[in-house]
Every structure is written in structure tokens, then in C-alpha cells.
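See below for the structure under consideration.
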Amino acid sequence: MSDEVVIVGAGIVGLAVAFHLQGEGRRVRLVERGAVADGASRGNAGAFAFTDILPLASPGMLRKAPKWLMDPLGPLAIPPSYLPSIAPWLFRFWRASRPDRYRRSLVVQGELMRVAAAAMEAMVREAGLGGHVRADGNLQLYESEMELAAAQEGWDQRAGAGIEFEHVRGGRLAELQPGLSPRFVAGTFTPHWKTVDDPYHFALALFDGVMARGAAITHGEVTELSPTEPGVRVTLRDGTVLDAARAVLAGGAWSRPLTARLGDAIPLETERGYNTTLPPGAFDLRRQLTFGGHGFVVTPLSTGIRVGGAVELGGLKLPPNFRRSEAMLNKAAAFLPGLRTGGGAQWMGFRPSIPDSLPVIGPSRASRHIVYAFGHGHLGLTQSAATGRLVADLLADRTPSLDIAPLRADRF
Ligand SMILES: Cc1cc2nc3c(=O)[nH]c(=O)nc-3n(C[C@H](O)[C@H](O)[C@H](O)COP(=O)(O)OP(=O)(O)OC[C@H]3O[C@@H](n4cnc5c(N)ncnc54)[C@H](O)[C@@H]3O)c2cc1C
């Protein structure tokens, strides 16, 4: 048996896990069935959303969902053919939205985000990725004072977790983002939110870093992880067998078949998200803008202006419906008069999502030498370094810096 740790999946989470394990002197091998960072990690909105601690599964979301579902191209959609498949997940989401469970998830998310911010800062520094990071915050926008008032409870909860923000209007709003449609009367600025120059470039730079530190990569699809004494056998579809000391499953939205074979029934689904990336200079965008009432963000990247978000609970197999990208782009054109909407590239990605809005980080039922690291939903880039740190703790048999009981696979 080799002393290697095999990491299934070379998305941002697998790469951050590799980086942290190398930091402890471990040899790592990534196994990736496609191209590196070509899953959800490629085209996301690029935010280190450290202040985004409110679980999606919330009483507020249950209030908003019926209205959003009425609009077939709105922020939330369920293709009718997928409704029977996703019904059990929706039921769990509804249960996780109850006030007591919501409050529990909020506390856990707040703690995880504290680790996420510190771990990301350290990883960016140590991997020399500082040039990829913009620290100019996020501006959330409201079309009425009533909309801001409705959001206040969430801001109070963030304040309780020590998160800084500033409600802005008038001149201050225009200073933070000139050229907004006058329909936006107020905003909330969160200064400690960061974005990357382009999430794909960020992930590839991290990949280059882990390869330079001696990682190996095998291209192929893992079909089985099985415990051996004393390690893990990793079997690939082409018949290759890798005998490793430990394995980490970071397969994003595609992780479920491997967990099922290990005896873990994990309610992992995908929230499909859409965007359009316009050429650079399409708008004089000062920082990332969140149009919370419409479920999308506009992000300044080195590669262009990215307009996107939305949630489509449509599973892994249905073809993309790029009318969703167009619907968000049309709204963005109305919200940012002068936005040049030509020449964009559309994309759809699969967020790996768990109904309680928390990732799965912890040992498998079958073996503590097989550790799970997936299910980060809307926050995988943000929480990638924290996941790397927690997985490194678990594989070293150290007590992690936060209680992982609410993140473990056996919580379901
Ligand atoms: C529109 C959109 C916007 C988003 N915006 C943000 C944001 O601003 N900030 C943020 O933090 N997050 C954001 N996210 C979420 C974020 O993109 C994901 O949470 C994150 O990329 C998940 O990373 P991952 O490494 O787990 O998965 P992925 O990037 O999907 O990587 C998983 C990898 O595992 C490989 N794989 C799977 N199964 C196997 C197997 N059996 N064998 C071999 N390889 C396998 C896949 O090929 C893939 O490369 C957004 C997502 C979307 C869709």
C-alpha cells in the first residue's frame, strides 16, 4: 500500500484539500474524470462570501418560494419532470427551514465561515494567490425601503455573528456603484466580502501550486471506494486500481453514487445555476452587486462582467435551459442602464446541495480513512480552504477547530 491520499475530484474543494494535506507533508493524488476545475468551480460568481451565513433553508425562503416559482424563468424553478425525484429533498429542505433548525444551521454556518475566512487568507498567502483576489466588498440592492426592512432580520442575525455592514442610500449608494437604475433606493455594503479575478483562473493557479509541490493526477472516473486493512482501495471505470492510505471524496454534485456504495444515504441534489459572461468593459462595475429580490449577482472579473445566479432544481441529466441566462441578462440591462449585453458566453453549473444548506465534511460510515468533502451548495469556493483544513485535521486524528458533528454524514 502506498502512503498516498487519493482525492476524488479536482474542483476547487479537491484542490484546496490537496493543498492542505501537502502542508502536512502528505503525498496526494487527484483523480479527475474530466478536466481540472471544469465543474461548478469553473463558472461560478467568484465570491468569497464570508458574510453570507444565512442558511438558504429558512422561513424567509419558504415565504418567497411560491412567488418565485410562479415565474418559469424566475430565480427558482423546478422542471415538472424532475419534481417526483426531488420531492424527498424538498421535504427535508422544508424541515430544515423550521425556525429551530434554521437557528441551529445559522450558528454552524457562522462558525464555519469564521474558519473559512481565516483558512482562505492563509491559503491565498501561502499559495501566492493574492494577485487573484479583489477586496472591494459586495453591495446588495433594494427596490424599496420595504424590501430593506424585510431584509433587516437577516442583517441583525449577521450583526449577532460580528459581521460588519452598512446600509446606504443617496450619494453613498451612487459612490459605491454609479449608474444604477433609480429603481434601487437603498443598498447594504459588506466590506469584508471578496471576489476573485476569475474562479477558473483561481482554481487553475491553485492546481499549478499543488502540482509544483509534487501532487500526482490520474485521469479517470472512480467507481468505487472500498476500505481495506489498513487503507482504501480506489477502483476506476477503466479497471485501474489504486491502493491508498486514505481517500477524500470531493466529487461535488456527483458524489452520491460513491457514498451509497459505502452505506451512506446522503440527500445530495443539485441546484443548477446559470450565467452570462459579457466582455470586459461591458459596464463600469465597481464591485460585485447582489440583486437579492431577483436571485442573481453581477460580478466584475478580469475576464468580463458575469451576470448570473438562479436555482433550477433539475438534477444532473436534463439539458440546460439557457433562457434562464437570458432572463437574468435582460433584468441586468434594466438595472444597469448602459450595460452592453452583446458578445456574452452562457454557462450552466451544478451546485452540490444538501437540504440543510451545510456541506458534508467527515468520515464515511464504512471507514474513517475515507473522508467526505462535498455538498457546499452556493458556497464551495468560499468554504474550500476551510474544508481543506478540516479534512487535514480529520486525517491527522486531530480535533478539528470546530465541532464537525453538524457537518458529518451521519447527521441525516
Ligand atoms: C451559478 C453559480 C454561482 C456560484 N457562485 C459562487 C460564489 O460566488 N461563491 C462560492 O463560494 N460558490 C459559488 N458557487 C458554488 C460553487 O461553484 C460550488 O459550491 C463549488 O464549485 C463546488 O466545488 P467542488 O469542488 O465541490 O465541485 P466541482 O467544481 O463540481 O468539482 C467536482 C469534480 O469532481 C469530479 N468528479 C465527480 N465525480 C467523480 C468521479 N467519480 N471520479 C472522478 N472525478 C469525479 C468532477 O468531474 C468535477 O471536476 C456557485 C455555483 C454556481 C452554479
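Bear in mind the structure is a predicted one, so any value in this text is a computation, not a measurement. Ligands are counted one by one from 1 in listed order, and the atoms in each one are counted from 1 as well.
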| query | For ligand 1, is there an N or O atom under 3.5 Å from any N or O atom of Ala37? | reply | no
| request: Please could you name the atoms of ligand 1 that Gly9 approaches to less than 4.0 Å, counting only its heavy atoms? | output: 33 (C), 34 (O), 35 (C)
| query | Short list, please: which atoms of ligand 1 are under 4.0 Å from a heavy atom of Trp254? | reply | 30 (O), 37 (C), 38 (N)
| request: From atom 4 (C) of ligand 1, work out which of Leu236, Leu381, Asn44 has a heavy atom at the shortest distance. | output: Asn44
| field | Thr277, Thr276, Thr195 screened by side chain to side chain donor-acceptor pair (under 3.5 Å) with Arg306, the one that passes | value | Thr277
| said: Tell me the nearest of Gly377, Gly251, Ala40 to atom 15 (C) of ligand 1, using heavy-atom distances. | reply: Gly377
| query | Hey, which of Trp155, Trp193, Phe189 is the one that makes ring-ring contact (aromatic ring centres under 6.0 Å, His included) with Phe165? | reply | Trp155
| query | With respect to Phe48, which candidate in Gln383, Lys194, His192 satisfies the side-chain contact (heavy atoms from CB on, under 4.5 Å) definition? | reply | Lys194
| Quick one: does ligand 1 sit under 4.0 Å from the side chain of Ala250, the backbone, both or neither, non-hydrogen atoms only? | backbone
| Can we say Glu175 and Arg172 salt-bridge, meaning some charged N sits less than 4.0 Å from an Asp/Glu carboxylate O? | yes
| query | Do the side-chain N and O atoms of Thr218 and Arg29 include a donor-acceptor pair separated by under 3.5 angstrom? | reply | yes
| Chi angles and distances behind the side chain to side chain donor-acceptor pair (under 3.5 Å) call for Asp156, Gln152 | CA-CA 6 Å; Asp156 291 341; Gln152 188 55 47; 2.8 Å; yes
| field | Numbered atoms of ligand 1 (with element) below 4.0 Å of Leu379, judged on heavy atoms | value | 10 (C), 11 (O), 12 (N)
| At a non-hydrogen distance cut-off of under 4.0 Å, which region of Met348 contacts ligand 1 (side chain, backbone, both, or neither)? | neither
| When you look for heavy atoms under 4.0 Å from ligand 1, do you find them on the side chain of Val31, its backbone, both, or neither? | backbone
| Heavy atom of the protein closest to atom 39 (C) of ligand 1 (residue, atom name, distance) | Val8 CG1, 4.1 Å
| Which protein non-hydrogen atom lies closest to atom 41 (N) of ligand 1, naming both residue and atom, and how far is it? | Val222 O, 3.0 Å
| query | Going by distance only, is there an N or O of Thr382 that falls short of 3.5 Å from an N or O of ligand 1? | reply | yes
| task | State whether the shortest distance between N or O atoms of Ala45 and N or O atoms of ligand 1 falls below 3.5 angstrom. | result | yes
| query | Quick one: NE2 on His20 to CZ on Arg26, what's the gap to the nearest 0.5 Å? | reply | 14.0 Å
| When you measure from atom 20 (C) of ligand 1 to each heavy atom in Gly380, Pro199, Gly39, which option holds the nearest one? | Gly380
| Is any NZ, NE, NH1 or NH2 atom of the basic residue among Asp356 and Arg101 found under 4.0 Å from an Asp or Glu carboxylate oxygen of the other? | no
| Crowded around Arg95 CZ? As in, over 12 foreign heavy atoms under 6.0 Å? | yes
| field | Ligand-residue contact atoms, ligand 1 with Gly349, heavy atoms, under 4.0 Å | value | 53 (C)
| For atom 27 (O) of ligand 1, the option (of Gly14, Gly252, Ser384) bearing the nearest heavy atom | Gly252
| request: Provide, to 0.1 Å, the distance between atom 31 (O) of ligand 1 and the closest protein heavy atom, together with that atom's residue and name. | output: Gly11 CA, 3.5 Å
| task | Considering heavy atoms of the protein only, find what lies nearest to atom 48 (C) of ligand 1 and give residue, atom and distance to 0.1 Å. | result | Glu32 OE1, 3.5 Å
| CZ of Arg134: more than 12 outside heavy atoms within 6.0 angstrom? | yes
| Short N/O distance, under 3.5 Å, between Ser41 and ligand 1? | yes
| Which of the listed options, Glu271, His219, Met328, His378, holds the heavy atom that is closest to atom 12 (N) of ligand 1? | His378
| task | Using non-hydrogen atoms of the residue, decide whether Gly43 is closer than 4.0 angstrom to ligand 1. | result | no
| remark: of all protein heavy atoms, closest to atom 8 (O) of ligand 1 is Ala47 N, 2.9 Å
| What about Val13: any of its N or O atoms under 3.5 Å from an N or O on ligand 1? | yes
| field | Gly46 touching ligand 1 at heavy-atom level, < 4.0 angstrom | value | yes
| Are any of the N or O atoms of Ile12 closer than 3.5 Å to those of ligand 1? | yes
| said: Looking at Glu153, I want to see if its CD is surrounded by more than 12 non-hydrogen atoms of other residues, nucleotides or ligands under 6.0 Å. | reply: no
| task | Answer yes or no: is there an ion pair linking Glu126 with Arg213, defined by an N-O contact shorter than 4.0 Å? | result | no
| query | Nearest protein heavy atom to atom 2 (C) of ligand 1, by residue and atom, and its distance? | reply | Arg351 NH2, 3.8 Å
| query | With a 4.5 Å limit on heavy-atom distance, are the side chains of Glu143 and Phe291 in contact? | reply | no
| Partner of Tyr82 by side chain to side chain donor-acceptor pair (under 3.5 Å), out of Glu269, Glu312, Lys317 | Glu269
| Contact check, side chains of Leu381 and Phe202, non-hydrogen atoms, under 4.5 Å | yes
| Ion pair Asp397/Arg368, N-O distance below 4.0 Å | yes
| query | Can you find an N/O atom of Arg33 closer than 3.5 Å to an N/O atom of ligand 1? | reply | yes
